[in-house]
2 protein chains.
Amino acid sequence: MTRAPASRALESTPLWLKLSSYLVLSDEEKMYLADLERTIDRVSPRTDLLQQGERYRDVRIMREGWAIRHKALPDGRRQVVNFVLPGDIIGMYCTLFESADHSVTTLTPVEVASFPPEKIGELFRSFPRLAAALAWSGAREEAIVAERLLSLGRRTALERTAHLIVELLRRLSVVNMVTDGHFVLPVTQEILADALGLSIVHINRTLRRLRDSGLIELNGQRITVNDVRQLASVGQFDELYLHLIRAPRRLERAFSGAHHHNGARMDGENRPKA
Amino acid sequence: MTRAPASRALESTPLWLKLSSYLVLSDEEKMYLADLERTIDRVSPRTDLLQQGERYRDVRIMREGWAIRHKALPDGRRQVVNFVLPGDIIGMYCTLFESADHSVTTLTPVEVASFPPEKIGELFRSFPRLAAALAWSGAREEAIVAERLLSLGRRTALERTAHLIVELLRRLSVVNMVTDGHFVLPVTQEILADALGLSIVHINRTLRRLRDSGLIELNGQRITVNDVRQLASVGQFDELYLHLIRAPRRLERAFSGAHHHNGARMDGENRPKA
DNA sequence: AGGCGGCCACAACATAGGTTAATCGGCCGA
DNA sequence: TCGGCCGATTAACCTATGTTGTGGCCGCCT
């Protein structure tokens with residue numbers, strides 16, 4: 001793990017992009033966020049950022065690369081709970097727990113920022129709108145896991161696989177990682193299998209079917225989605241669960257501090273005072 | 001739905017019991033919590049407290065009875081995401097989303113409290129320790145869903161079923177709903193099937209196996225767990241994911257407000273449970 | 001260059017779990 | 001009291017997915 005200076009503090013980081021799709025945030029908030037992303041580590045592929053049973057440390061922001069959040073059974077069976085993509089947060093509520101009930105492992109070279117969990121409290125106090133945006137990001141993660149539960153419980157292998165591909169497409173779009181319907185999927189079939197609750201052989205069969213039907217193409221790690229509509233329909237994909245809609249108006253009342261009398265609007269370009 | 005006056009405002013509600021297992025809270029905090037639970041509704045069995053696609057309204061606290069959180073596919077297949085037990089919160093972060101991606105339906109007569117979501121912001125500002133405890137409860141829910149994902153993806157039918165029974169036993173214990181290893185399981189086999197991603201027939205077979213092996217007994221809605229250890233071992237149950245351990249010390253730094261000088265210590269007279 | 005390990009691919013076979021269908025008992029409303 | 005309905009139970013049969021095993025490709029090390 002290499003620690004490196006932040007090179008693009010005031011550029012648009014993936015997290016910033018993601019949060020911006022939800023809430024218009026002020027420059028001041030952008031600066032605070034940039035500060036959270038100041039301490040940066042570079043991590044090699046196939047490295048654990050966190051291990052099941054281990055004590056939690058810092059909160060982390062994924063800036064670049066892919067990782068997986070996964071849980072293992074004592075006998076080695078493994079389930080990938082979710083993919084960690086640029087702009088995702090790792091262990092946002094880690095202070096609340098004594099130790100981690102899952103592992104996080106990098107798939108590619110990764111760039112992560114870390115900050116001490118106390119910052120979260122500070123955030124809620126001083127930048128409630130930003131905190132709300134982060135809370136949204138966290139709640140959305142839960143929604144994604146719940147949707148994957150629906151997949152594993154009630155969708156067939158073909159449906160699950162199609163659904164996952166569309167989900168990744170949508171999530172990656174938000175952070176500008178999709179061009180013309182294709183993106184890099186730095187994932188072995190074993191990992192896909194562990195994410196979808198299938199055997200590696202069956203994932204292979206299923207991908208073949210999707211390729212044969214012309215819905216997707218695979219060249220190495222690049223996947224091209226030829227017909228999103230149809231793929232989404234195969235996977236019974238309904239993007240409601242991604243909660244991509246902008247923040248509802250009522251958010252202001254709930255999260256902005258009553259002790260900040262600045263009249264800031266939740267959906268405007270206004271900003272609360274520090 | 002009948003609205004009724006709160007009858008036991010200052011008694012120990014299930015939520016209070018649950019939070020107390022995590023954090024020792026002050027009388028002031030108890031009173032604030034009681035205030036959140038002041039507006040109470042009674043709801044009949046098989047009633048939706050929330051419907052997929054519907055706009056979110058209030059935050060709710062389950063005080064009595066059971067409900068399920070579930071998601072449905074357009075063709076009717078259904079997955080139960082989680083059981084909502086007394087002391088659980090429904091839609092804690094509901095302000096953040098425009099509309100619900102799941103439904104919540106009662107299984108028994110239910111007593112729920114409702115409060116407007118703005119209270120959550122107030123909570124974070126004025127009662128940070130209580131807010132931390134609620135955040136813990138929410139984060140734990142996510143952990144439970146992730147563990148169920150592991151079940152559906154990688155555990156066999158027998159393992160899943162055993163695991164769920166032990167999980168319910170543990171969760172119900174915290175709110176004093178278990179006596180001598182037996183509790184009321186107000187659930188049809190169809191619901192169990194939908195929770196475990198199995199067919200109704202196969203759940204039946206599986207329960208039979210568990211009964212035949214003497215691990216559990218079923219009489220109507222009462223289930224008796226004869227040998228928790230062994231049942232846990234069948235289900236590869238590791239309670240780590242329930243995060244039942246008392247709040248870590250570092251919590252105080254993160255969540256307590258810097259502008260609050262109430263002298264309450266985050267870890268009170270706590271000690272980790274054996 | 002040769003060998004090795006990781007990953008993909010596919011065929012042949014095995015099985016956990018799904019489906020269909022029939023029976024039974026309990027509860028409730030007419 | 002008599003249906004009628006809902007849920008549990010079980011048997012017989014079926015299929016989606018798992019398992020085992022082989023071969024091929026490619027990159028990497030020595």
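By convention in this document, chain letters (A, B, ...) are assigned in the order of the sequence lines, proteins followed by strands, and residues within each chain are numbered from 1.
- A/Tyr56 and B/His243 have their aromatic ring centers separated by at least 6.0 angstrom.
- One interatomic measurement links the two molecules: NE2 of A/His202 to C1' of C/dA16, which rounds to 13 Å at whole-angstrom precision.
- Between B/Arg78 and B/Glu190, none of the side-chain N atoms (NZ, or NE/NH1/NH2) sits under 4.0 Å from a carboxylate O, so this pair counts as no salt bridge.
- Separating the CZ atom in B/Arg171 from the CG atom in B/Asp88 is a distance of 5.0 Å, to the nearest 0.5 Å.
- Applying a 4.0 Å cut-off to non-hydrogen atoms, the residues of residues 207-222 of chain A that approach DNA chain C are A/Arg208, A/Arg211, listed by residue number.
- From the 5' end on, the contacts that DNA chain D makes with chain A at under 4.0 Å to a non-hydrogen atom open and close at D/dT17 to D/dT20.
- A salt bridge links A/Arg155 with A/Glu147; the closest basic N to acidic carboxylate O contact falls under 4.0 Å.
- Sparse packing is recorded around CZ of A/Arg222, with 12 or fewer heavy atoms of other residues, nucleotides or ligands lying under 6.0 Å away.
- Annotation: of the two residues near DNA chain D, B/Arg46 and B/Arg154, the 5′-most nearest-nucleotide partner is B/Arg46.
- The stretch residues 187-201 of chain B comes close to DNA chain D through B/Thr188, B/Gln189, B/Val201, each having a heavy atom under 4.0 Å from the strand.
- Checked against a 6.0 Å centroid threshold, the rings of B/His163 and B/Tyr241 count as neighbours.
- The CD-C1' distance, from B/Glu159 to C/dG17, rounds to 14 Å in whole Å.
- Side chain to side chain, B/Asp48 and B/Thr105 meet the donor-acceptor criterion of an N or O pair below 3.5 Å.
- Side chains of B/Asn226 and B/Glu217: a donor on one and an acceptor on the other come within 3.5 Å.
- The distance from atom CD1 of A/Ile203 to atom P of C/dC8 is 11 Å, rounded to the nearest whole Å.
- Look at A/Glu159 and A/Arg209 and you find no salt bridge, because none of the NZ, NE, NH1 or NH2 atoms lies under 4.0 Å from a carboxylate O.
- Tested against B/Thr13, the residues B/Glu64, B/Glu37, B/Arg63 include a single side-chain hydrogen bond (donor to acceptor under 3.5 Å, both in side chains) partner, B/Glu37.
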